[in-house]
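Here the structure is a predicted model, which means the values were calculated and not measured. Every heavy atom of this structure was used, including side-chain atoms; hydrogens, water molecules and symmetry mates were not.
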Amino acid sequence: MHEAIAGNLIGAGERELKPLSEIVDLIRIGPFGSALHKEDYIQDGIPVVNPQHIVNQVICPDSRKSISESKADSLAVYKMCVNDIIICRRGEMGRTASVGEDEAGWLCGTGCMLLRLKKEYDAKFYSLVIASQKSKQYLETHAVGSTMKNLNEKIIRNLPVPVYSYAEQHEIVAILDRLLGREEEVRQSAESVLAAIDSMKQSILARAFRGELGA
């Protein structure tokens with residue numbers, strides 16, 4: 001991730017960092033609690049995306065945390081669009097996801113913040129940038145609050161990010177997709193082996209208890 005964001009994977013070299021505000025058209029904090037009440041939630045409606053619904057750069061909606069179309073329309077300014085970024089603004093820093101066609105029209109929840117990029121910037125790339133260790137450190141250092149760390153619009157606007165051309169962004173994302181895909185394959189293989197070892201241990205213990213192992 002560090003090599004990718006530094007441009008080393010495509011031989012572009014590290015770029016000057018600029019504040020995130022230079023590449024976005026909109027930064028909006030999700031609706032305050034008074035705008036959404038417990039009774040507004042329905043089953044299998046328009047999903048509301050909160051921090052717990054963002055896992056490993058993917059939005060994982062909860063069908064129980066959704067609202068009616070009419071309620072979503074009344075909060076239309078918080079609706080997500082294709083190529084937006086949604087970021088958790090409290091708790092663990094750097095949890096982000098890019099918005100695709102499947103998530104367009106869903107609602108940014110209270111615990112999140114919506115970033116609308118200018119058209120020449122790719123949400124998937126900059127979602128990874130914001131989730132990088134360097135960005136996390138910046139956010140953790142500047143977050144406010146004693147009980148639970150929070151992000152506000154000013155902190156996000158000033159987050160330093162590298163600026164690449166649209167073509168370079170796509171090339172870096174393509175390389176990362178290949179590398180992370182291989183990593184996922186290795187992880188699944190390792191988990192299968194560990195599961196087989198655990199099953200073997202249980203089988204040996206069961207045989208031992210039955211006195212079947214012999215000397």
Side-chain angles (χ1 to χ4, degrees), residues 19-132 135-136 138-140 142-159 161 169 173:
L20 185 68
S21 59
E22 293 195 15
I23 69 167
V24 297
D25 282 330
L26 171 73
I27 299 176
R28 175 167 284 137
I29 293 175
F32 290 103
S34 57
L36 271 177
H37 300 93
K38 186 177 180 181
E39 57 267 25
D40 291 323
Y41 288 104
I42 63 172
Q43 182 81 23
D44 297 323
I46 305 296
V48 177
V49 183
N50 279 308
Q52 65 268 32
H53 306 131
I54 301 176
V55 182
N56 295 328
Q57 294 281 311
V58 176
I59 300 173
C60 304
D62 182 346
S63 60
R64 297 167 299 177
K65 291 293 183 181
S66 61
I67 55 178
S68 66
E69 287 191 23
S70 60
K71 184 63 179 178
D73 288 341
S74 72
L75 298 169
V77 293
Y78 303 106
K79 283 186 177 182
M80 305 188 302
C81 298
V82 173
N83 205 48
D84 282 353
I85 295 174
I86 188 164
I87 175 173
C88 300
R89 66 179 185 88
R90 60 191 182 198
E92 181 187 349
M93 298 291 106
R95 289 173 62 187
T96 65
S98 59
V99 178
E101 292 183 0
D102 290 341
E103 299 84 22
W106 295 2
L107 207 74
C108 171
T110 303
C112 293
M113 193 179 298
L114 194 61
L115 310 180
R116 185 150 297 152
L117 299 177
K118 294 179 179 179
K119 63 180 181 180
E120 62 266 35
Y121 299 103
D122 182 72
K124 191 167 185 179
F125 175 74
Y126 280 99
S127 178
L128 291 169
V129 169
I130 298 171
S132 69
S135 294
K136 283 183 181 180
Y138 177 91
L139 296 175
E140 287 169 358
H142 291 82
V144 296
S146 52
T147 305
M148 179 180 287
K149 293 290 187 179
N150 279 269
L151 299 176
N152 56 39
E153 184 178 330
K154 181 180 178 182
I155 296 168
I156 290 296
R157 290 182 67 84
N158 291 325
L159 175 66
V161 296
Q169 295 168 48
V173 167

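- Closest approach of Asn83 to Tyr121, counting heavy atoms only: ND2-O, 2.9 Å.
- Taking each heavy atom of Met93 and Ala143 in turn, the nearest pair found is SD-CB, 4.1 Å.
- The closest side-chain donor-acceptor pair between Thr96 and Gln57 falls under 3.5 angstrom.
- To the nearest 0.5 angstrom, Ile86 atom CD1 is 4.5 Å from Ile54 atom CD1.
- Using a distance-only test at 3.5 Å, with no hydrogens or angles considered, a donor-acceptor pair links the side chain of Lys118 to the main chain of Glu22.
- Residues Met113 and Ile27 approach most closely at SD-CG2, 3.6 Å, considering heavy atoms.
- Looking at every heavy atom in both residues, Asp84 comes nearest to Ala123 through O-CB, 3.5 Å.
- Taking both residues in full, the closest heavy atoms of Tyr78 and Gly30 are given as CE2-C, 3.8 Å, listed atom of the first, atom of the second, then distance.
- Counting heavy atoms from C-beta outward, Lys79 and Leu107 have side chains that approach closer than 4.5 Å.
- By the 4.5 Å heavy-atom criterion applied to side chains, Pro61 and His53 are not counted as neighbours.
- Put simply, the side chain of Tyr41 reaches to within 4.5 Å of the side chain of Ile67, judged on heavy atoms.
- To the nearest 0.5 Å, atom CG of residue Leu20 and atom CD1 of residue Ile85 are 7.0 Å apart.
- In this structure, the side chains of Ile156 and Val24 stay at 4.5 Å or more apart for every pair of heavy atoms.
- Remark: side-chain polar atoms of Asn50 are paired, donor with acceptor, to backbone N or O of Gly111 under 3.5 angstrom.
- Dense packing is recorded around CD of Glu120, with more than 12 heavy atoms of other residues, nucleotides or ligands lying under 6.0 Å away.
- Proximity of a side-chain donor or acceptor of Arg28 to a complementary backbone N or O of Val77 within less than 3.5 Å is detected.
- Taking each heavy atom of Ile155 and Asn152 in turn, the nearest pair found is N-OD1, 2.9 Å.
- Residues Met80 and Ile59 form a side-chain contact, since some pair of their non-hydrogen atoms from C-beta on lies under 4.5 Å apart.
- The 12-atom threshold is not exceeded at NZ of Lys154, counting heavy atoms of other residues, nucleotides or ligands nearer than 6.0 Å.
- Looking at Cys81 and Val99, their side chains never come closer than 4.5 Å, going by heavy atoms from C-beta outward.
- Not one N or O on the side chain of Ser127 forms a donor-acceptor pair closer than 3.5 Å with the backbone of Lys124.
- The environment of Glu69 atom CD is sparse: at most 12 non-hydrogen atoms of other residues, nucleotides or ligands sit within 6.0 angstrom.
- For the pair Arg95 (side chain) and Cys88 (backbone), a donor-acceptor distance under 3.5 Å is absent.
- Interatomic distance, CG of Leu128 versus OG of Ser135, reported as 10.5 Å (0.5 Å rounding).
- With sequence neighbours excluded, the residues that form a salt bridge (Lys or Arg N to Asp or Glu O under 4.0 Å) with Asp40 are Lys71.
- Among residue pairs with one or both ends in residues 47-67, those qualifying as salt bridge (charged side-chain N to carboxylate O under 4.0 Å, His left out) are Asp62-Arg64; sequence neighbours excluded.
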